[in-house]
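This report refers to the structure that appears directly beneath it.
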Amino acid sequence: QVQLVESVGGSVQAGGSLRLSCAASGSTYNCMAWFRQAPGKERERVATIYPTSRRTVYADSVKGRFTISQDSAKNMLYLQMSSLKPGDTAMYYCAARRGIGDCRRPVDIDYWGKGTQVTISS
């Protein structure tokens, strides 16, 4: 049974840092990603990692501030977030795709975590 379980998010002030974790079980994946969704907005991809190549892709809005990484031995996915802004406030979701293809759009995703709230205050 596939399970993606995110760590508890948190609330920090602007300029601060947070690290999200996701425990993945039940399958191997072609790509894994972090998405986020703010109230009233569409779910958007934050970052993607391809486990085989370790290639990463980031949304322009987070480039240079966020880092996605993976520990294959522990079946863990991470998102290190730095220089956080109020605009980063959202529910963050761990996501994965089994088959060939991208983890760029919500429709690309086979499995989702339940989400974890990140709140950045000014």
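Treat the numbers as computed from the prediction; the structure is a model and nothing was measured.
- Shortest non-hydrogen contact noted between Gln37 and Lys41 is NE2-O, 3.1 Å.
- Between atom CD of residue Gln13 and atom OG of residue Ser122 there is a gap of 8.5 Å, rounded to the nearest 0.5 Å.
- Note that CD of Gln80 is 9.0 Å distant from CG of Leu20, once rounded to the nearest 0.5 Å.
- Under the 6.0 Å distance and 45° angle rule, Arg43 does not count as a cation-pi partner of Phe35.
- Pairing each heavy atom of Ala47 with each of Leu79, the nearest pair is CB-CD1, 4.4 Å.
- One finds the CZ atom of Arg19 at 11.5 Å from the OG atom of Ser82 (value rounded to the nearest 0.5 Å).
- When hydrophobic clusters are built by joining Ile, Leu, Val, Met, Phe, Trp and Tyr residues whose side-chain heavy atoms come closer than 4.5 Å, directly or via intermediates, Ile120 is grouped together with Val46.
- Thr119 places no side-chain N or O within 3.5 Å of a backbone atom of Ser11 that could act as its donor or acceptor partner.
- Contact detail for Gly101 and Asn30: the closest heavy-atom pair is O-ND2, 2.7 Å.
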- Step-by-step side chain to side chain contact (heavy atoms under 4.5 Å, CB included) determination, Tyr29 to Val2: CA-CA 11 Å; Tyr29 307 105; Val2 173; 3.3 Å; yes
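- Under the 30°/60° scheme for interplanar angles, the aromatic rings of Tyr92 and Phe66 are found to be tilted.
- For the atom pair Ile109 CD1 and Arg45 CZ, the distance stands at 9.0 Å (nearest 0.5 Å).
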- Message: Does Arg36 form a side chain to side chain contact (heavy atoms under 4.5 Å, CB included) with Ser61? I'd like the steps, not just the answer.
- Response: CA-CA 12 Å; Arg36 68 185 181 187; Ser61 59; 3.5 Å; yes
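- Side-chain contact between Ile68 and Leu77 is present, with at least one heavy-atom pair separated by less than 4.5 Å.
- A salt bridge links Arg65 and Asp88; the closest N-O separation between the charged side-chain nitrogens and carboxylate oxygens is under 4.0 Å.
- Residues Leu18 and Tyr93 do not share a hydrophobic cluster, defined by chaining ILVMFWY side chains whose heavy atoms lie under 4.5 Å apart.
- Here the closest heavy-atom approach between residue Arg97 and residue Cys103 is recorded as CB-SG, 3.6 Å.
- Within the 4.5 Å cutoff, side-chain heavy atoms of Tyr50 are placed close to those of Val57.
- The backbone N or O of Tyr78 lies less than 3.5 Å from a partner atom in the side chain of Trp34, making a donor-acceptor pair.
- Scanning all heavy atoms of the two residues, the minimum distance from Arg54 to Ser72 falls at NH2-OG, 3.3 Å.
- Taking OG from Ser27 and CG from Asp110, the interatomic distance works out to 8.5 Å, rounded to the nearest 0.5 Å.
- Under the 4.5 Å side-chain heavy-atom criterion for ILVMFWY residues, no single connected hydrophobic cluster contains both Val118 and Met91.
- When all heavy atoms of Cys94 and Met32 are compared, the pair lying nearest together is SG-CE, 4.4 Å.
- With a 4.5 Å cut-off on side-chain heavy atoms, Thr89 and Gln117 count as touching.
- Under the 4.5 Å side-chain heavy-atom criterion for ILVMFWY residues, a single connected hydrophobic cluster contains both Tyr58 and Leu84.
- The distance from atom OH of Tyr111 to atom OG of Ser25, rounded to the nearest 0.5 Å, is 11.0 Å.
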